[in-house]
Amino acid sequence: RELFEAAGLELRGSLAAMMLDTKKTFDTLVANLAKSPEARDRILNNEIYKYVSGSLAGTQEYMAMEKLFEVRKDPQWDLVVLDTPPTANALDFLDAPERLVGAIDSPATRWFVQAYESSQKGAFGALLSKGASMLLNGLSKFTGADFLKQIAEFIAGLNELFGGFREHAEEVSAALRSPDVAFLVVTSPHPLAVREAMFFSDKLKDAGMRRDGVIVNQVHQLLPEPKASDEELAQILAPHLPEGTEPGDAVARMMQALEDERMRAVADRVETDRLRHHLGPSVRMVEVPALEADVHDIQSLAEVSRYLTGEATSAL
């Protein structure tokens, strides 16, 4: 509170931050979906589960969605903000529920469980069992029979929870498309970044999700050219320059720097206009100018917020 008061800002409300614990979230989900304490412990104590619960492809994205779904239902929070990775990884969040359920219920995992269970019945009676047993016996020479047993128990245990996983995945997917969830795309006026913003925005639209706004950060402003002549500028600068510095040279360098800045501003304007035209009038677009100092304290964050809330606008 003292930091806000020192910056001349009124502190209203509170802010809490959380880092995702993928494995703990997965453990909680398993505990909630398990039909019995025995089934829960069988999965949680499985060595394969302990290893892949934090590293299985799609697990982190799915658990992020799961945690978001859990926090969203908590009435103590008025607004929940999820900060996703850059565009390429952010796309993984959109279909994470479907991908993880697909991995758990894939034909390969079903075959493995069936083959392992058949091979344990002895005599290798069925034709499927004969081929499967040969493969499993071969694998066991390299990995050990206990390792295969752990894998089979892990897959079988997750498949027992498949109905709950699928139901949760559907709920999470529906939540991402609900009226009270919106996506903000943050980009810069760099051509490559603008192209990625267009691509991600289109993906949101195709997925039936709200793309409510785009924030273009660090937009260079078109600074005006000085009205004074070079000679007048040299006279103004002369008293403020170090000894031995030629005022005319200083003015020339400053004019070149101004020209470079104006060229960047024109390029930024072209890209931001291209993005605005692509998004259409239904998507709100906000520009945050390139500030003179780095954003590293409360005062500079407050300056950025003035543009985000519309209190200040970027000069065209």
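Remark: R274 pairs with E271 by the side-chain hydrogen bond (donor to acceptor under 3.5 Å, both in side chains) rule, at least two apart or across chains. Not counting sequence neighbours, R40 has no partner by the side-chain hydrogen bond (donor to acceptor under 3.5 Å, both in side chains) test.
Using a distance-only test at 3.5 Å, with no hydrogens or angles considered, no donor-acceptor pair links the side chain of R211 to the main chain of F183. Judged by distance alone, the side chain of D268 and the main-chain N or O of V219 form no donor-acceptor pair under 3.5 Å. A donor-acceptor contact shorter than 3.5 Å is absent between the side chain of S201 and the backbone of M198.
Taking hydrophobic clusters as Ile, Leu, Val, Met, Phe, Trp and Tyr residues chained together by side-chain heavy-atom distances below 4.5 Å, L82 shares a cluster with V71. Linking Ile, Leu, Val, Met, Phe, Trp and Tyr whenever their side-chain heavy atoms come within less than 4.5 Å leaves V194 and M263 in two separate clusters. Hydrophobic cluster membership is shared by L291 and V186, with clusters built from Ile, Leu, Val, Met, Phe, Trp and Tyr side chains linked at under 4.5 angstrom. Under a hydrophobic-cluster definition in which Ile, Leu, Val, Met, Phe, Trp and Tyr are linked whenever side-chain heavy atoms come within less than 4.5 Å, directly or via other members, M285 and F200 are assigned to the same cluster. A single hydrophobic cluster is seen to contain both I215 and L301, as judged by linkage of ILVMFWY side chains at heavy-atom distances under 4.5 Å, directly or through other members.
Residues R262 and P224 come closest through the heavy atom pair NH1-CA, 3.9 Å.
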Open item on the list: Before you tell me yes or no, could you show the steps for V214 and R284 under side-chain contact (heavy atoms from CB on, under 4.5 Å), namely the whole-Å CA-CA distance, both residues' side-chain angles and the distance that decides it to 0.1 Å?
Closed with: CA-CA 6 Å; V214 174; R284 176 77 179 274; over 6 Å; no

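Grouped with F4 in one hydrophobic cluster are L3, L9, L11, I298, the linkage being side-chain heavy-atom contacts under 4.5 Å among Ile, Leu, Val, Met, Phe, Trp and Tyr residues. Through direct or indirect side-chain contacts shorter than 4.5 Å among Ile, Leu, Val, Met, Phe, Trp and Tyr, L79 is connected to V81.
Between D27 and K23 there is a salt bridge, with a side-chain nitrogen of the basic residue lying less than 4.0 Å from a carboxylate oxygen of the acidic one. Between R276 and D273 there is a salt bridge, with a side-chain nitrogen of the basic residue lying less than 4.0 Å from a carboxylate oxygen of the acidic one.
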Side-chain donor-acceptor pairs under 3.5 Å in residues 234-260, sequence neighbours left out?
| residue | atom | partner | partner atom | Å |
| --- | --- | --- | --- | --- |
| T245 | OG1 | P242 | O | 3.2 |
| Q256 | NE2 | D260 | OD1 | 3.0 |

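Applying the side-chain hydrogen bond (donor to acceptor under 3.5 Å, both in side chains) definition to pairs two or more places apart or across chains, those involving residues 289-301 are D297-S300.
Taking 4.5 Å as the limit, every side-chain heavy atom of R269 sits out of range of all side-chain heavy atoms of L222.
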